Amino acid sequence: MNPNIKEKLTGVFSLDKKLRVFDSPGMTDSKYFTTTKKGEIFELKSELNNDKKEKKKEAVKKVIASMTVGKDVSALFPDVVNCMQTDNLELKKLVYLYLMNYAKSQPDMAIMAVNTFVKDCEDTNPLIRALAVRTMGCIRVDKITEYLCEPLRKCLKDEDPYVRKTAAVCVAKLYDISSSMVEDQGFLDQLKDLLSDSNPMVVANAVAALSEINEASASGQPLVEMNSATINKLLTALNECTEWGQVFILDSLANYTPKDEREAQSICERITPRLAHANAAVVLSAIKVLMKLLEILASDSDFCAMLTKKLAPPLVTLLSSEPEVQYVALRNINLIVQKRPDILKHEMKVFFVKYNDPIYVKLEKLDIMIRLANQSNIAQVLSELKEYATEVDVDFVRKAVRAIGRCAIKVEPSAERCVSTLLDLIQTKVNYVVQEAIVVIKDIFRKYPNKYESIISTLCENLDTLDEPEARASMVWIIGEYAERIDNADELLDSFLEGFQDENAQVQLQLLTAVVKLFLKRPTDTQELVQHVLSLATQDSDNPDLRDRGFIYWRLLSTDPAAAKEVVLADKPLISEETDLLEPTLLDELICHISSLASVYHKPPTAFVEGRGAGVRKSLPNRSASAAGEESSSAEATVIPNQESLIGDLLSMDIGAPAAPAAPAANTSSVDLLGGGLDILLGTNSAPETTNNTAAAPAPAAGGLLGDIFGIGSGAATNMIQIPKITWLPADKGKGLEIQGTFSRRNGQVFMDMTFTNKAMQAMTNFAIQLNKNSFGLVPGSPLQVAPLQPSQTTEASLQLGITGPVQRMDPLNNLQVAIKNNVDIFYFACLVHGNALFVEDGQLDKRVFLTTWKEIPAANEIQYNLHGIAGTADTVAAKMTANNIFTIAKRNVEGQDMLYQSLKLTNNIWVLLELKLSPGSPDATLSLKTRSVEVAAMIFAAYEQIIRSP
């Protein structure tokens, strides 16, 4: 920005009245922001038309000053435009600034400036040429955009690199205004040519512009096919351009997958020097590229080990920056440690908290310390954590105490030392320390049953000091779980019951379960206690979850105490430490977004960015991807040699099959479809916020009740549906060959079942098949076996499909383009793969994983769909779904509606989570879908329609 403008902006906020008397040009520009004249616009108009250049410049400065403070000076548009005809660079910049601000509101007047722009684009001064083309790119007026093409084309080939780099950015701005114009006028090709420019800054700006255009493009496909030659040019420019140019180039390199390990090593060697850069953005961008390339390198190679060692120092250096940069670095390090803990395994000390660190830095360091904790450094870590537990910041102390518990669970040999440390902290009698310690000790008991129960007596001594719900609930759980070892367990639990109605819902639920456990272990002397708590839960409580649990226990105990024992006292699964690790696919995606906002939020861009570029999903390269691609392409080429004409014809084909229903708009309702139900179902103790459910006195049979809560009714066994064949290739388009077909799944494989009918007058022989690249990598598993087909003859053929072929996103996603060859001709058609044929057999998620994943997937990725014509009960629907590899994780009845929570997995490893809401007796249902790849929604909904309507 011009220094004079900066001074003006500073003057706006100055309240010093003395500034108003300074008229000397050398002292201050504050005079432009003040006036005592009544007809200010009229006066400015007069000055703008003055013959003296100095007067004109002063007048334009006053106009810009008024514009800066928010005054409307658009009435002066024609007068300011007249000032463009000048050789004074400063005045021209001011006029251009005015034009950029008001051209949109005065498009007809802005046309007056076009001739001057075009003329300035051919000025002898490169600064004026660059200024003109940059300003034209910033004026978002269609009429001016039309005149921008020719000057822009010339500037892209200008002899001065400053003009070329400015013009490169202008192409990206023009694409934002009119993408079709950029493509039609050939600007993309000119941008690609600039990648070979001799000036590194021109190359950097061309890369930046292409990246911007790529993100804005609807397809999301790369506009520039990166190859070894292009990469070499970018790496050459990397050493000479500015730091932000380096960031653009590195981000572009991150999207390239080397063809082999040797090329990956070469790129790593040329990027590694960027790790020593002073700019944190350059360092993180370089780390992002290296993290991706490490996926291609052999993990046991010396080069990989050396590169891993080189990554640690720059990350450590980032932690000596100011707190804000530290925080960003720590959030990125958190991802790197989850993916490759070896990189920083010897750097534990740099994550030790300093007394003057802000709380957000402290908490992030604490989290990374736990991730790096192992048997060799646990003593050092525990010593630090114990020190942190004496800090003054209560939140930090709580996290530190919890961290000790996480260490005990993660590093088994250190568990005893961790428990000892926690006992020492309990002895301090600091209330919040004691309460956090009891919460984590409960988790340690879960991890190591029958090992540390000797400390229970110490815990019981602090019973009276507990006032936080989580701590009280944890203590109650411990008493109930080890009631047989605590002589006065009944008295301790009875003391909690005195204020039962005032307790938090979490504590009430734990008390109920603990007393039932106590009764099952010592039935003779606790009968009155269990009756009392069941009465409190079922009669005196208005919490529906508590009442429901009370009735379940009551019916279990009165119907079959042995079954109650099996349910309530069943062995609990051991807990693991790394419950807060990111899902592997999400982690891989976030690694690709290191040094961006996604790596700070730990969420994919789709979770917080709307519109352009948000839907383009990135993933780490697969070591065997390129090799597999080469194999499949060579195998396919033997079927139909004319590959180019095949793909050309396939891509232009009309789809003859009926279209899948379009994906409905994402659900914008604020209602949580889970309604808290899964929390209870899965054993956590949070209650839903609101419900009108009331407990009914009559009880169903115990078996049916348990079926509702812990499983799904048996239902009749059904087979995977067989979707009827439809005509894929009519005889009039197949020169007498008619093909009908469908897709099915048998024995874990996808099959293409076809009926061939010869309606021609000649025999048909030598059948072969070719599939175009598709969304799921489907390829023929074997040659097509069709016997010679005589006129009027029909034959059946079933082709097994593999899923290892090249992948290319289709629209719709399950569109499959096919070529059939015989002695007559090659015939092309398209069909839709039925969703249920792509649902794999191992698609059943664990209940807790289901709940965690549902919560992690952003609300923007939730889509609702209405189903109609449903017959049968929830159990029969669930059985149908299970037969088609849609697995029911849990079932629950909420306010008279049956809720089925289901999961499925596609052949390309995309997980889909679903909630099916059924009303008994109603043919309508609501299906809610959550997945990280919402593109599959339409296909899933179509599959549900077909399965539900099947007999």
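What you see below is based on every heavy atom in this structure, not just the backbone, and it leaves out hydrogens, waters and symmetry mates. As the structure is a prediction and not an experimental result, all values here were calculated from the model.
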Are Arg129 and Asp120 within salt-bridge range, i.e. N to O under 4.0 Å?
no
Tell me whether Lys362 forms a cation-pi arrangement with Phe396, defined as NZ or CZ under 6.0 Å from the six-membered ring centre and within 45 degrees of its axis.
yes
Ring geometry between Tyr360 and Tyr327 (parallel below 30°, tilted from 30 to 60°, perpendicular above 60°):
perpendicular
Quick one about Thr272 and Lys310 (side-chain donor to acceptor, distance below 3.5 Å, no hydrogens or angles considered), yes or no?
no
Mind listing the closest non-hydrogen atom pair of Leu297 and Gln265 along with its distance?
CD2-CG, 3.6 Å
Note, Cys592 side chain near Lys292 side chain (heavy atom, < 4.5 Å):
yes
State, with a plain yes or no, whether a side-chain heavy atom of Phe608 is found less than 4.5 Å away from one of Leu597.
yes
Give a yes or no on whether Lys905 atom NZ has more than 12 heavy-atom contacts from other residues, nucleotides or ligands under 6.0 Å away.
yes
Checking side-chain polar atoms at under 3.5 Å, does Asn861 have a donor or acceptor matched by the opposite partner on Arg932?
no
Are the side chains of Leu290 and Leu275 in contact, using a 4.5 Å heavy-atom criterion?
yes
Pair Ser775, Gln808: side-chain N/O donor-acceptor within cut-off below 3.5 Å:
no
State, with a plain yes or no, whether a side-chain heavy atom of Val203 is found less than 4.5 Å away from one of Asn199.
no
If you take all heavy atoms of Met369 and Met348, which pair is closest and at what distance?
O-CE, 3.4 Å
Selection residues 241-257 - residue pairs positive for salt bridge (Lys or Arg N to Asp or Glu O under 4.0 Å), sequence neighbours left out:
Asp251-Lys288
